[in-house]
Every structure is written in C-alpha cells, then in structure tokens.
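Since this is a predicted model, take the numbers as computed values, not measurements. FYI, side chains are in, hydrogens and waters are out, and symmetry mates aren't considered; it's all heavy atoms of this structure. Chain identifiers are assigned alphabetically (A, B, ...) following the order of the sequence lines, protein sequences preceding nucleic acid strands; residue numbering begins at 1 within each chain.
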2 protein chains.
Amino acid sequence: MDTSTDEFRIATPHRELLDQVLDKWSLSILNELCERPCRFNDLRRAIPAVTPKSLTATLRRLERNGIIERQLLGSRPVAVEYRITPLGKTLRAPVEVLLDWARARLPDIERARRAFDAG
Amino acid sequence: MDTSTDEFRIATPHRELLDQVLDKWSLSILNELCERPCRFNDLRRAIPAVTPKSLTATLRRLERNGIIERQLLGSRPVAVEYRITPLGKTLRAPVEVLLDWARARLPDIERARRAFDAG
DNA sequence: CCGAATCCCAAGGGATACTG
DNA sequence: CAGTATCCCTTGGGATTCGG
C-alpha cells in the first residue's frame, strides 16, 4: 500500500481543522489560556486589537472544537471563565514549533521580501 | 529581563508571516514542491480545486517571502518552473508537526464538535 | 460583566473568458 | 503554456450600540 499518498496530500478535513484553530486570533488566545484561565475582559485586555465580536466568534469556534471550555462562575453579575482543555494543551507544542520557526526565519524572510520588492 | 514576555505574546510580524505561509493553498503547494519542481499546470492538476487566480496569488506570495522560486525555462512557448528554496525547506518540518497533530487529533475534535452541536 | 445585534465596508475567492 | 482580466458575491472584520 502506498502510504506516501497520505503524507503527500492534505485532506480537506485536516486543512479545515487547521483553519479553525490557527486563525488570526486563536494563537494569541491559546497562549493566554495556557498561562491561566481568563475571563472575557481579561482576554480583551491581553489582546487589545481584538473586537468583542471577533473574540466571541473565536472563543465559540475553539470551544466547539474542544480546544477550550467555557465555565459559568456566577450569575449575578454573569461571570464566565475560559480555560484550555487537555485536548487544547496538545496543540501547544506544534504551535510553539511553528512560532520558533517564525522567530528564527523572520530576518531571512524580510530580506527576501526586500529583494523581491526591489526587483 | 523578562524573556517570558516574548514567548507569551505573539508579535504581529510573526503572526502575519504565518498568515502568508499557512493560508488556504500554501500547504498543498509546499507539499507538491517538496516532492519535485512543478510547472504552473502541474500544480493545477495536483490541486484541482484551486483557480488560476488563486494559484497565481499564492505562488507570488510564497515567492516574495523567499519560500519558493520561479524559474523561466523557455520563451517560445513560455515555460516556467516553480521549486522550493532552502528557506522553504526549513518550513516543512514545522508544518509536518502540525499535520501530524491534525491527523492524530481529528477524531477527538470531531467528537467534540458533535457534542457541542448537540448541546 | 459578558456578550448579542446591527450596520457597513474591504478583501478574497470562484467562474469565466481571453491573451502573449 | 502561463497566466490576466473581469465580474460578482460571499465572508470577515471593525465600529458601535444595546441587553440580560
């Protein structure tokens, strides 16, 4: 049997999973929640550029995928806490590998961009 | 000095770099070019869902970031070959780590989605 | 405090047709 | 062969306001 096919192609479900989990705000949220559980406004403060709408959407998506969980703390006033799940923790290492790559290679990338834009 | 800050936050340039390099079609293109150099229509055949417009855009972006290079082979008729650069090759390992994660965890993720959608 | 609802806009991507 | 050009439309995101 030809296992190379599986390594070669990227199946749509895997591609879509990465889209859901590596989007614009997810990595920042993940990093925060790996440090400690956070309330909604904790996250807003930690990631000032995110709007409430986008934050809600991202949190819902991560929750649906089992990466984070939403815990109701109190009712009056409403208190909600988000925390990372065990499944979510397994995502951290791969993401760190990727970030290490980005940190290490950014200078090379920027040089390439300048060369391209000059030509 | 507080190095934890650097690990904790995700700087905008790194975040944008990942956006440019992990977008919808880049991973598939990277996988193809890691196997062998490809012509434009080779890539179209290998990735049937991509339109010429999106393929051109993605190839230009990857080229600008120094991940792939564009080689002119002939002029009449025009022949162009894309190949991965040494810098581009360094991206493969991190991406594979990520794909391994997606392949391993997809069942758990799908279970979480069903549970969420049911509730 | 934690969002939901609304409006608006720009960018991205598909389909199709065409050119050097 | 290797793209460009055009059209169109959906989606995502920001800004803002409102509600439980």
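Atom C1' of nucleotide dC1(C) and atom CZ of Phe40(A) are separated by 10 Å, given to the nearest angstrom. With rounding to whole Å, Lys53(A) atom NZ is found 9 Å from dC8(C) atom C1'. The nearest whole Å value for the distance from the CG atom in Asp42(A) to the C1' atom in dC1(C) is 11 Å. For the pair Leu59(B) CG and dG3(D) C1', the computed distance is 10 Å after rounding to whole Å. Straight-line distance from the CD1 atom of Ile29(B) to the P atom of dG3(D): 12 Å, rounded to whole Å. Following rounding to the nearest Å, Asp23(B) (CG) and dG13(C) (C1') show an atom-to-atom distance of 12 Å. Between Gln71(A) atom CD and dG3(C) atom P the separation is 13 Å, expressed in whole Å. Between Leu55(A) atom CG and dC1(C) atom P there is a gap of 14 Å when expressed in whole angstrom units.
Contact annotation: the side chain of Val21(A) approaches that of Ile67(A) to within less than 4.5 Å [non-hydrogen atoms, C-beta and beyond]. Leu33(B) is not listed as a side-chain neighbour of Arg83(B), based on a closest heavy-atom distance of 4.5 Å or more. A 4.5 Å side-chain heavy-atom check between Gln20(A) and Arg113(B) finds at least one atom pair inside the cut-off.
Asp100(B) contributes no side-chain N or O that, together with a main-chain N or O of Val97(B), makes up a donor-acceptor pair within less than 3.5 Å.
Distances shorter than 4.0 Å separate none of the side-chain N or O atoms of Arg39(A) from OP1 or OP2 on dC1(C). OP1 or OP2 of dG3(D) sits under 4.0 Å from a side-chain N or O of Arg70(B). Contact between the side-chain N/O atoms of Lys24(B) and the OP1/OP2 oxygens of dG14(C) is found at a separation under 4.0 Å. Within the structure, every side-chain polar atom (N or O) of Tyr82(B) is placed at least 4.0 Å from both OP1 and OP2 of dC1(D). In this structure, Ser54(A) reaches the dG14(D) phosphate: one of its side-chain N or O atoms is under 4.0 Å from OP1 or OP2.
Ranking dG14(D), dC2(C), dG3(C) by closeness to the Arg60(A) side chain, first place goes to dG3(C). Closest to the side chain of Thr51(B), out of dG14(C), dC2(C), dG3(D), is dG14(C).
Heavy-atom distances to DNA chain C give each of Pro52(B) and Ala57(B) a nearest nucleotide, and the one nearer the 5′ end belongs to Ala57(B). Comparing Val78(A) and Thr56(B) by the nucleotide of DNA chain D that holds the closest heavy atom to each, the one mapping nearer the 5' end is Thr56(B).
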Show the numbers, then the answer: is there a side-chain hydrogen bond (donor to acceptor under 3.5 Å, both in side chains) between Asn31(A) and Ser28(A)? CA-CA 5 Å; Asn31(A) 266 337; Ser28(A) 297; over 6 Å; no
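Residue contacts shown for Arg44(B) are absent, as no nucleic acid heavy atom lies under 4.0 Å away. Nucleic acid contact class of Arg76(B) (heavy atoms, under 4.0 Å, all strands): none.
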